Each structure stands twice: as structure tokens, then as C-alpha cells.
Protein chains: 2
Amino acid sequence: MLPNLLGFNVRRAHMALWRDFNRTVGIGQIRPGIFSLMVLVDENPGIAQIELATQLKIDKATIVGLIRQLLRQGWIERRQSGADRRRQDVFLTDLGSRELVGLRREMIEHEAKFLRLFSRQELADFFDYLRRIQI
Amino acid sequence: MLPNLLGFNVRRAHMALWRDFNRTVGIGQIRPGIFSLMVLVDENPGIAQIELATQLKIDKATIVGLIRQLLRQGWIERRQSGADRRRQDVFLTDLGSRELVGLRREMIEHEAKFLRLFSRQELADFFDYLRRIQI
DNA sequence: TATTGTTATACTCTATAACTATA
DNA sequence: TATAGTTATAGAGTATAACAATA
């Protein structure tokens, strides 16, 4: 039964990617969740935590823990929003920005190992299929 | 960057499936990991723990925790192997077998929500792609 | 009343290292 | 020496519930 379950196959694909990520990207310093949060902050300077939660599709309480790690590493900083004082605007620090350059490079190296298993058209279809089930 | 990363998309697809599984299958009693272990035991009565670890691609130490839960629930039982006394042969109990009937039905219901998003050919391709990255 | 962020808590899933019993 | 299973420990990653501050 298992080999014919979509959930089982997605789960194993996820585990394989996860393991290679951890061997390749920011070894001992970073995980997929933290990486994607950093990229989001880099691409949206001053983004609010609630917005990070929405875009990453995880609970706002979960964001707090990730933010705390990145603050401890000195890779991000927060400033209270002027417009809405409930909000904490999140930015990368200079250190965080420099770090992310290397992480992105490692990320591309990691992705390449998997991307090369597909033709251009297969990849386009694969992404399409994966997006369909991101309900 | 994120929407164009294979890892990011697989991760989100995994989360979507995980959440729906937990709303649909064995509510409050079971998780994807436990379910797949039960199915494996059902299809391979007397399977050894080391074999479960190999087939599920997780460490043998991790199996112990899952086995312990299922023992507590009375859904599996173990007998020492006659041939190799290091081994513990794992079986479903009658209770476990009856339980699994309902769980399989819920699993199919859960899968159907996602499978119906694809044509037969798309699904065949999708499974092929997912298997390629299960390194 | 609703939203943003926080704290406390708990659970799943995974791994590594060191161990016992057995092969 | 190698393998099967266990224990202890750790660390991601997620969630829910209740709360303070602010809108």
C-alpha cells in the first residue's frame, strides 16, 4: 500500500531533501525553516512577524522561536513599527546579510543535486503538481 | 527565491498533507509515521524491527519509540524470534488488525482529496518524480 | 472587538552515542 | 567482530491556549 500513497512518497521525498540540506547548507548552524525565514526577511526588509507567519504558513507562535534563534545569532534585528506599535519590523543585520550570501550559494548547490534529475519540462510539471497540493 | 526552490515546495506540500492527515485519519490516536509502520507490519507479519527501520528509512532507535506506542495501545505484539534470538518479530494484534481496517478507510478518504486534483497521467508522472528524489 | 506578539506547554519525528545480548 | 534492539539524550518543527499591548 505505502508505495502507492501520495502522502508516503511526499514524506520520503521531504526527508531526503531535508537530510541533504543539513549536509550541505550552513552545516550545524541552520535548518530549512530558518533559511526560508531569512530569505523572506532579505526580500522584504521590515516585514512583520505576522506576515512571516502568513507567508510561511505556520503559526505566529512558531515564528517567535525562529526569530529568537536568529536574534541570538545576530543575523536579524527588530524595530518597533512607527505606524502600528504592535508590530515588530524585522531586518537582516549586516552580519546576517553577509551570512546569507554563502547560504544561498550552498542552497543552490544543494538544489542542483536534485534538479539535475529532471528535464526542464519535467521540472515545470513537478513544481506545478507540488503547488496544487499546498492547500 | 523560495517559490522556485524544490525543497521549499516539497516542504509545503508535506505540511499540507500532514495537516489533512491529522484531521482525517485516526484523529487523536495516530500520526503518519505510526500508520505506515502498522501497514508494514500488516503486510509483513513477523517483520523484525531492523527491517522496519530499513524499509521506512529511519534509524532503528527511532523505531523503538514507535513500537512502544503501539504496544501501549495494544495494537501490536512482539515475540522473540526462534531463529535469531536477537530479533523481535512484530505482529498486529486482533485489536490492531480491526483498528487498521478503519484507518485504511480514512487514509483512502484523505488521499482522495489530493488525488482528485490530478489526471491519471499526471499522477503517474508525479509519483515518478517523487520517487526520483527519494535518495 | 480584533490583531500582533509573547509565553507556556506539549507532541511528533528524527538523530547520535553508548550499551546489552546474541550471532 | 558484527548485528538487533534498547536507553538516554538532544534538537527540529509544529500546534494550542491564554495573555498583554495596541488598534
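Not measured: the values here are computed from a predicted model. Order of the sequence lines sets the chain letters (A, B, ...), proteins ahead of strands, with each chain counted from 1. These numbers come from the heavy atoms of this one structure, side chains and all, not from hydrogens, waters or symmetry mates.
- Between B/T62 and C/dA15 there is a side-chain N or O to OP1 or OP2 distance below 4.0 Å.
- In this model, no donor atom of one side chain and acceptor atom of the other lie less than 3.5 Å apart for A/R85 and A/Q80.
- Position along DNA chain C of the nearest nucleotide to A/V64 versus B/I58 favours A/V64 as the more 5'-ward residue.
- Atom CZ in B/R85 sits roughly 5 Å away from atom P in C/dA23 (whole-Å rounding).
- Contact annotation: B/Q69 does not reach the phosphate of C/dC11 (side-chain N/O to OP1 or OP2, under 4.0 Å).
- Taking atom CZ on B/R68 and atom C1' on D/dA8, their separation rounds to 11 Å, with Å as the unit.
- A straight line from CD1 of A/I63 to P of C/dT3 spans 18 Å, rounded to a whole angstrom.
- Counting to the nearest Å, the P atom of D/dT6 and the CZ atom of B/R78 are 4 Å from each other.
- Distance from the side chain of B/A61 is smallest for C/dA17 among the nucleotides D/dT22, C/dA17, C/dC13.
- Note on B/R132 versus A/E122: salt bridge recorded, some NZ/NE/NH1/NH2 to OD/OE distance being below 4.0 Å.
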> Yes or no on side chain to side chain donor-acceptor pair (under 3.5 Å) for B/Q134 and A/N9, after CA distance, side-chain angles and deciding distance?
Replying inline: CA-CA 8 Å; B/Q134 288 173 37; A/N9 282 280; 2.9 Å; yes
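- Residue contacts shown for B/D84 are limited to sugar-phosphate atoms, with no base heavy atom under 4.0 Å away.
- To the nearest 0.5 Å, atom CD1 of residue A/I108 and atom NZ of residue A/K113 are 13.5 Å apart.
- Take the nearest nucleotide of DNA chain C for A/E51 and for B/D59: the residue whose nucleotide is more 5' is A/E51.
- For A/R31, counting side-chain heavy atoms from C-beta on, the closest listed nucleotide (D/dT14, D/dA12, C/dT4) is D/dA12.
- Remark: B/Q80 is not in phosphate contact with D/dG5, judged by side-chain N or O atoms under 4.0 Å from OP1 or OP2.
- For the pair A/Q88 CD and C/dT7 P, the computed distance is 11 Å after rounding to whole Å.
- Between B/M15 atom CE and D/dG13 atom C1' there is a gap of 9 Å when expressed in whole angstrom units.
- Nearest-nucleotide positions on DNA chain D for A/G28 and B/R19 put A/G28 closer to the 5' end.
- A side-chain contact (heavy atoms from CB on, under 4.5 Å) with A/F35 is found for one member of A/E106, A/Q29, A/M107 and no other, namely A/M107.
- In this structure, the CZ atom of B/R86 is 8 Å from the C1' atom of D/dA2, given to the nearest Å.
- When heavy atoms are screened at a 4.0 angstrom cut-off, A/A48 is found touching the sugar-phosphate backbone but no base atom.
- The CD1 atom of B/I50 sits 16 Å away from the P atom of C/dA23 (whole-angstrom rounding).
- Distance from the side chain of B/R11 is smallest to D/dG13 among D/dG13, D/dA4, C/dA17.
- Closest approach to the A/K60 side chain among C/dG5, D/dA17, D/dT7 is made by C/dG5 (side chain taken as heavy atoms from C-beta onward).
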